[in-house]
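Below is one structure; the comments refer to it alone.
Atoms within each ligand, like the ligands themselves, are counted from 1 in listed order. Nothing fancy with the numbering, it's 1 onward along the sequence.
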Amino acid sequence: MIIAVDGPAASGKGTIARALADHYGLPCLDTGLLYRAVGLSVLKASGDPDREADALAACNFDKAILSDPALRTEAVGSLASRVSVHPSVRQALVQRQRDFAAQPGGAILDGRDIATVIVPDADAKIFVTASVHVRAQRRYDDGVAHGGHPDMDSLIADIQARDTRDMSRDHAPLRMADGADLLDTSNLTIDAAVQQAIALVDAQL
Ligand code: C5P
């Protein structure tokens, strides 16, 4: 059984994918981490994320970077969104994701193009979204909980810029796949969103 969970930044797709993984007893891959690792490794190599050759070279990142605390920052999310527009970078990461999906027993993957490009024949497809304001508020609360002093206006601007780049790129843009169900988490608690996701997946199986 393969479950594809796509959606924009801070929509709740990662939380939902992990809860589905628990519920169905499946391994889960956050594919955004791969693009984040490429973005962070370009930064560490003093490369230019907008230069395809620099971004492609960074696809051979050292696995240790996957546990770097900087990986989850919005700054690295934004670098990830810049390196992920390059077709050769996307191509370099495709097989790794398909291999994960193909393991016996199945898997859950979350990202932007899982149901459209990586595994279009997934058994269940969910597109998770939420309003820009709600998503920025989640990032804000997260920042405060980690002792930071986030600025709401710049969080909104960052999320909007990332949405625009992810939805308007030529290769594997963020969009809802044919056959996917939409789950808007704007007004839902985490528990309610997870329950709805389980109901949507069960109905698709
Ligand atoms: O999901 P996350 O915010 O960690 O993703 C970071 C960035 O990586 C996204 O904004 C997007 O540009 C890129 N990405 C992608 N395809 C995926 C997952 C992430 O292009 N499957």
For residues 75-87, which side-chain donor-acceptor pairs fall under 3.5 Å, sequence neighbours excluded?
residue	atom	partner	partner atom	Å
S81	OG	R165	NH1	2.6
S81	OG	D166	OD1	3.4
R82	NE	D50	OD1	3.1
R82	NH2	D50	OD2	2.8
S84	OG	A80	O	3.2
S84	OG	S81	O	3.1
S84	OG	R169	NH1	3.0
H86	NE2	P49	O	2.9

Side chain, backbone, both or neither: S81 near ligand 1, heavy atoms under 4.0 Å: both

Under a 3.5 Å cutoff, is there a donor and acceptor pairing between the side chains of D123 and Q204? no

Using only atom types and a distance under 3.5 Å, with no angle test, would you say the side chain of E74 pairs donor to acceptor with the backbone of L155? no

Tell me whether R112 contacts the main-chain N or O of D6 through its side chain, where contact means a donor paired with an acceptor under 3.5 Å. no

Does atom CZ (R72) have a neighbourhood of more than 12 heavy atoms from anything else shown, all under 6.0 Å? no

Closest approach of any protein heavy atom to atom 16 (N) of ligand 1, naming residue and atom: R90 NH2, 3.1 Å

Connecting only ILVMFWY residues whose side-chain heavy atoms lie within less than 4.5 Å of each other, what is the rest of I3's hydrophobic cluster? M1, V5, I16, L20, Y24, L26, I108, I126, V128, L183, L188, I190, V194, I198, L200, V201, L205

What is the closest protein heavy atom to atom 13 (C) of ligand 1, and at what distance does it sit? S84 OG, 3.6 Å

State whether the side chain of S88 and the backbone N or O of L56 hold a donor-acceptor pair below 3.5 Å, judged by distance alone. no

Which ligand 1 atoms does R36 reach within 4.0 Å, using its non-hydrogen atoms? 2 (P), 3 (O), 4 (O), 6 (C)

Quick one: which ligand 1 atoms are inside 4.0 Å of a heavy atom on R162? 3 (O), 5 (O), 6 (C), 7 (C), 9 (C), 10 (O)

Among non-hydrogen protein atoms, atom 8 (O) of ligand 1 lies closest to Y35 CB, 3.5 Å

Which ligand 1 atoms does A80 reach within 4.0 Å, using its non-hydrogen atoms? 6 (C), 7 (C), 8 (O)

Give the atoms of ligand 1, by number and element, whose distance to some non-hydrogen atom of D166 is under 4.0 Å. 9 (C), 10 (O), 11 (C), 12 (O)

Ligand 1 and D30, any nitrogen or oxygen pair closer than 3.5 angstrom? no

Can you tell which of R112, R169, M167, H171 gets a heavy atom nearest to atom 2 (P) of ligand 1? R112

Enumerated ligand 1 atoms positioned under 4.0 Å from heavy atoms of K13: 1 (O)

Do any nitrogen or oxygen atoms of T31 lie less than 3.5 angstrom from nitrogen or oxygen atoms of ligand 1? yes

With a 3.5 Å cut-off and no angle check, do the side chains of T189 and D191 form a donor-acceptor pair? no

For R82, state whether at least one heavy atom is located under 4.0 Å from any atom of ligand 1. no

